[in-house]
Structure formats: structure tokens, C-alpha cells
Amino acid sequence: MTQGKKKKRAANRSIMLAKKIIIKDGGTPQGIGSPSVYHAVIVIFLEFFAWGLLTAPTLVVLHETFPKHTFLMNGLIQGVKGLLSFLSAPLIGALSDVWGRKSFLLLTVFFTCAPIPLMKISPWWYFAVISVSGVFAVTFSVVFAYVADITQEHERSMAYGLVSATFAASLVTSPAIGAYLGRVYGDSLVVVLATAIALLDICFILVAVPESLPEKMRPASWGAPISWEQADPFASLKKVGQDSIVLLICITVFLSYLPEAGQYSSFFLYLRQIMKFSPESVAAFIAVLGILSIIAQTIVLSLLMRSIGNKNTILLGLGFQILQLAWYGFGSEPWMMWAAGAVAAMSSITFPAVSALVSRTADADQQGMITGIRGLCNGLGPALYGFIFYIFHVELKELPITGTDLGTNTSPQHHFEQNSIIPGPPFLFGACSVLLALLVALFIPEHTNLSLRSSSWRKHCGSHSHPHNTQAPGEAKEPLLQDTNV
């Protein structure tokens with residue numbers, strides 16, 4: 001076992017040394033310095049800081065553009081974006097292996113940020129371009145591939161953690177800044193500032209980011225053929241039933257992440273329109289929830305993994321998620337949302353624990369199934385939540401006046417259609433879905449024999465290897481994240 005690990009580390013060191021030699025020989029396009037994790041961190045921070053500034057203005061423009069069926073249209077917009085991202089992610093990943101990371105960093109950031117200036121020019125075009133931009137909403141995937149190119153295996157988890165923490169930090173601070181600037185100077189200034197930051201990100205990639213995958217290290221030159229299996233988004237999902245343990249994990253992920261994806265797409269709109277939160281209160285909620293989630297996913301998660309084990313940590317996280325969704329569903333007062341938000345932070349330990357279990361019990365090809373399922377949920381979840389809001393007639397007739405709305409409950413002018421005694425029906429549906437996920441997760445074994453299962457899996461998959469797959473032995477897969485969570 002130790003000899004195998006030494007061979008993997010030696011192979012990784014050899015590959016990294018070869019990349020450094022090629023870079024010194026001029027195999028890398030222009031950029032400032034050698035490729036580093038800090039280049040990736042700056043790209044991620046600028047992109048999501050720009051979008052975070054628009055949190056409050058987007059909620060207002062969304063209701064003004066679709067006053068009758070706000071939740072339904074929001075679900076459809078985010079659902080189309082998530083589905084397009086799911087369909088395009090494998091193709092963009094395969095092309096970046098052949099053509100390099102820098103060009104696709106530029107492409108994904110440009111098209112992901114393209115809708116920003118349209119918010120004030122034409123709201124209809126703004127939401128239309130947001131939907132279509134899902135084709136390129138895979139910046140995270142390209143960034144993690146960039147990081148994998150320039151780090152060794154033992155450094156990779158820390159590097160991924162730094163990128164993820166930067167993403168969280170950008171969304172903790174930017175909504176509050178955007179809400180404050182919008183209240184004092186107006187939303188137009190916020191849109192201009194977000195556009196300027198997006199342009200700064202694009203210029204940074206053009207000028208400062210060096211290529212992490214030198215041309216000599218790529219599997220083929222420009223114009224190399226890409227097989228359909230590499231670009232097929234359903235390729236990994238077709239193999240789900242070939243392993244019983246991976247099947248249980250996949251079902252758990254689907255049932256728990258479907259409501260989570262729907263919640264991501266509609267919850268801040270729900271706080272703004274139904275629970276009477278002001279833009280400043282929504283921004284504060286995002287900041288507090290983000291800080292608590294960072295603490296939960298670092299300190300609390302590591303303590304739980306050591307004390308109660310991987311499987312029990314997943315079960316505990318699912319339990320918190322059920323409680324959080326039920327509280328969101330039945331909650332009718334703002335303080336209930338704040339309390340449920342604290343529980344939501346604890347429920348964020350679920351997927352890191354699932355990722356750890358997958359990396360320990362599944363082969364590299366099987367890990368792609370989880371990414372595929374999450375990508376599919378990013379398309380289905382928002383549309384499902386929007387439809388449930390629609391059929392239960394949860395709609396707002398009038399948006400609260402923002403001039404005096406500074407965090408307190410507003411006057412009776414703020415009212416909404418509600419033919420049901422349940423304020424948030426989609427969240428209760430989500431709680432039932434996660435309850436099923438919890439029951440399925442009970443049957444996942446805590447310990448499995450990875451070596452035996454991996455060899456049997458390769459018998460199924462050995463004939464489907466890709467000619468362009470240059471992943472080094474023992475190379476870690478990137479974290480299973482999706483840009484559409486934002």
C-alpha cells in the first residue's frame with residue numbers, strides 16, 4: 001500500500017517537474033509570473049464579487065419584469081441556466097484539455113458576466129442572456145482544472161479549499177456593499193460598478209494569467225477530435241446502476257440536492273417578497289449564513305468526521321437539512337428565517353461529507369456521476385420550486401417601498417396572495433425529499449473494500465477509456481461544485 005502511494009507521488013512530482021521545464025522553455029503564453037493558485041483565486045473573487053453586488057437590484061428587477069408570476073419565471077430562468085450548464089460542462093472540460101485553460105477561463109468569465117450591463121439597458125434581454133449564459137457557467141470547473149495542473153496531489157485539497165473560501169468570502173461581503181450603494185446612490189451605480197469589476201476580471205485573465213497547461217503537455221494539438229463519450233453529459237449517469245453502493249450514494253445526492261438547488265434559486269427572492277426582508281436584511285442574512293457555513297464546513301465538519309465517522313456525519317447533515325426546510329416551509333415571521341438559517345449552515349456539512357465518502361469508496365470514473373447528478377439537479381430544482389410556488393399561488397402583488405425599508409417590517413402595503421396556510425410549500429416538499437434521502441443513506445455501509453470494488457468497476461469501464469485522458473495516477477478529482485449555486 002505504501003509502495004503504491006510512493007509511486008503515485010513520484011509520478012506526480014515527475015509530471016510537475018516536466019511542466020516547470022516546459023514553462024521555462026517558453027511553452028506558456030504571456031502572463032505575469034508562473035501559474036499559481038493565486039491567479040485562480042483572483043479570477044474567482046472578481047467574478048462572484050461582481051455578481052454579489054447585484055443581489056438586491058436583481059430581486060427588484062425580477063419582480064418589475066415579471067410582476068404576476070415572479071417565482072415561476074425565476075425558476076424557469078435559473079432552471080434553463082442550470083440545465084445548459086449541465087449539458088455543456090463535459091464538452092468544455094474536454095476542450096480545455098486540448099486547447100488550454102486560459103482561453104476557456106476567458107470564455108466562461110466573459111459570457112457569465114455578459115448579462116450584467118443589460119440589467120439597466122433591457123431587463124428582458126438581461127434575463128434571456130442569463131438563461132443562455134448557462135452554457136458557459138462552468139468557471140469553477142475550469143478554475144479547479146487550472147489548480148490541478150499546477151499543484152501536486154498532497155497540495156490540492158488545500159488549494160481547492162483556498163479557492164472555495166475565496167468564493168464564499170466574495171459572496172459574504174458583496175451583497176451588503178451592493179445593498180448599501182443601491183440605497184444611497186441608486187441601483188444604476190451598482191450595475192456600473194459590477195460591470196467595471198467584470199471587465200477588470202477579463203483584463204486580468206488576458207494580461208496577468210499564464211497558461212497552466214503548456215501546449216507540449218496537452219494530449220493533442222489544436223483541432224484534435226473530441227469523442228462523443230467525452231462530451232456526453234449523460235455518460236456517467238448511464239453507469240449509475242453498475243455498483244450498488246454508488247447507486248445508494250447517487251440516490252441520496254439526488255434527493256437531497258434537488259431541493260437544495262431549488263432553494264438556492266428562490267430563497268432570497270422569497271425573503272424579499274414574502275417575508276418582508278429589506279435589501280439590507282437580505283444582504284446581512286447572506287453574510288451571516290456564509291460565515292456560519294464556513295465555520296461548519298471547516299471546524300465542525302472535521303470534528304464530526306473524527307468523532308462520529310463519515311456516514312453518521314452525512315446522516316446528521318441530512319437531519320439538519322430536513323429541520324431547516326421544514327422551518328422555512330412553516331415559518332411566517334422573519335426571526336424564524338434567521339433561526340432556520342443557522343440550522344441551514346449546519347446542513348452545509350452534508351455534501352463535503354458525501355464528497356469524502358465518494359472519494360474513499362468510488363473509483364475516479366464513478367465520482368463523475370455525482371457531479372452529473374448535481375448538474376442535473378441545478379436544472380430541475382429551480383424549475384420545480386418555481387412551479388410549486390405557482391400552483392400554490394404564492395405571489396406578491398406589490399413590492400415594499402425601498403426608500404424607507406431599512407430592515408424592519410413594512411406597512412400593510414406589503415401583501416401577497418396566499419391561498420394556503422403553508423407560507424412556503426416548496427420547502428416542505430424539499431423536506432420530504434431529504435427525508436427519503438436520509439432513509440436511503442441509512443443503507444450506505446460505513447466501510448467498503450475499495451480495491452476489490454475498483455477492480456470490478458474497471459471490468460465494466462475498461463473498454464471506454466478516452467484517448468485524451470491524461471489524469472496522472474492518483475490525481476485528485478476537483479471538488480464537486482457548480483457555478484449555478486450562486
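For the numbers below, each heavy atom of this structure counts, side chains included, while hydrogens, waters and symmetry mates do not.
Minimum interatomic distance between A114 and P117 (heavy atoms only, all atoms of both residues): O-CD, 3.3 Å. Between G79 and P382, the shortest heavy-atom distance links the atoms N-CB, 3.7 Å. Nearest heavy-atom pair across L255 and S433 is O-OG, 2.6 Å. Contact record, P57 with L53: CD-O, 3.7 Å, taken as the closest heavy-atom pair. For C377 against F254, the heavy-atom pair with the smallest separation is SG-CD1, 3.6 Å. Between S133 and I130, the closest heavy-atom pair is OG-O, 2.7 Å.
Proximity of a side-chain donor or acceptor of N74 to a complementary backbone N or O of G386 within less than 3.5 Å is not detected. S85 places no side-chain N or O within 3.5 Å of a backbone atom of G82 that could act as its donor or acceptor partner. For T112 (side chain) and V109 (main-chain N/O), no donor-acceptor pair under 3.5 Å exists by modelled atom type. Distance alone, capped at 3.5 Å, places no donor-acceptor pair between the Q324 side chain and the G341 backbone. For the pair E211 (side chain) and K102 (backbone), a donor-acceptor distance under 3.5 Å is present.
Separation of the F104 and F110 ring centroids does not fall under the 6.0 Å cut-off.
Separation of atoms CZ (F49) and OG (S170) is listed at 8.0 Å; rounding is to 0.5 Å. Rounding to the nearest 0.5 angstrom, the gap separating the NZ atom in K311 from the CG atom in L316 is 14.0 Å. Distance check: I299 CD1 to L301 CG gives 11.0 Å after rounding to the nearest 0.5 Å. Here the OG1 atom belonging to T55 is positioned 12.0 Å from the CG atom belonging to L269, to the nearest 0.5 angstrom. Once rounded to the nearest 0.5 Å, the distance linking CE of M73 with CG of L62 reads 8.5 Å. Rounding to the nearest 0.5 angstrom, the gap separating the OG atom in S131 from the NZ atom in K81 is 9.0 Å.
Shown here are the ring-ring contact (aromatic ring centres under 6.0 Å, His included) partners of F111, two or more places apart in sequence or in another chain: F136. When the ring-ring contact (aromatic ring centres under 6.0 Å, His included) test is applied to F127, the partners found at least two apart in sequence or on another chain are F66. Residues meeting the side chain to side chain donor-acceptor pair (under 3.5 Å) test with S36, sequence neighbours left out: H39. Taking F320 as the reference, nothing meets the ring-ring contact (aromatic ring centres under 6.0 Å, His included) condition, with sequence neighbours excluded. Residues satisfying the ring-ring contact (aromatic ring centres under 6.0 Å, His included) criterion with Y146, sequence neighbours excluded, are absent altogether.
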Side chains of residues 186-208: which donor-acceptor partners sit under 3.5 Å, not counting sequence neighbours?
residue : atom : partner : partner atom : Å
T195    : OG1  : V191    : O            : 2.8
D201    : OD2  : E47     : N            : 3.4

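Under 4.0 Å is where a charged nitrogen must lie from a carboxylate oxygen, and between R183 and E280 at least one such pair does.
Here the side chains of Y264 and Y385 are not in contact, with every heavy-atom distance at 4.5 Å or above. The side-chain heavy atoms of Q321 and S256, taken from C-beta on, include a pair separated by under 4.5 Å. Between Y180 and P175, every side-chain heavy-atom pair lies at or beyond the 4.5 Å cut-off.
Applying the side chain to side chain contact (heavy atoms under 4.5 Å, CB included) test between I249 and each of V440, I314, L357 identifies L357 as the sole match. The one candidate from T252, N378, I373 that meets the side chain to side chain contact (heavy atoms under 4.5 Å, CB included) condition with Y257 is N378. Looking at V253, V434, L318 one by one, the single match for side chain to side chain contact (heavy atoms under 4.5 Å, CB included) with T350 turns out to be L318.
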Show, in sequence, the C-alpha distance, side-chain angles and deciding distance for C113 and W51, and conclude whether the side chain to side chain contact (heavy atoms under 4.5 Å, CB included) test is met. CA-CA 8 Å; C113 295; W51 274 109; 4.1 Å; yes

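Looking only at atom types and distance, the side chain of T65 has no donor-acceptor partner in the side chain of Y126 under 3.5 Å away.
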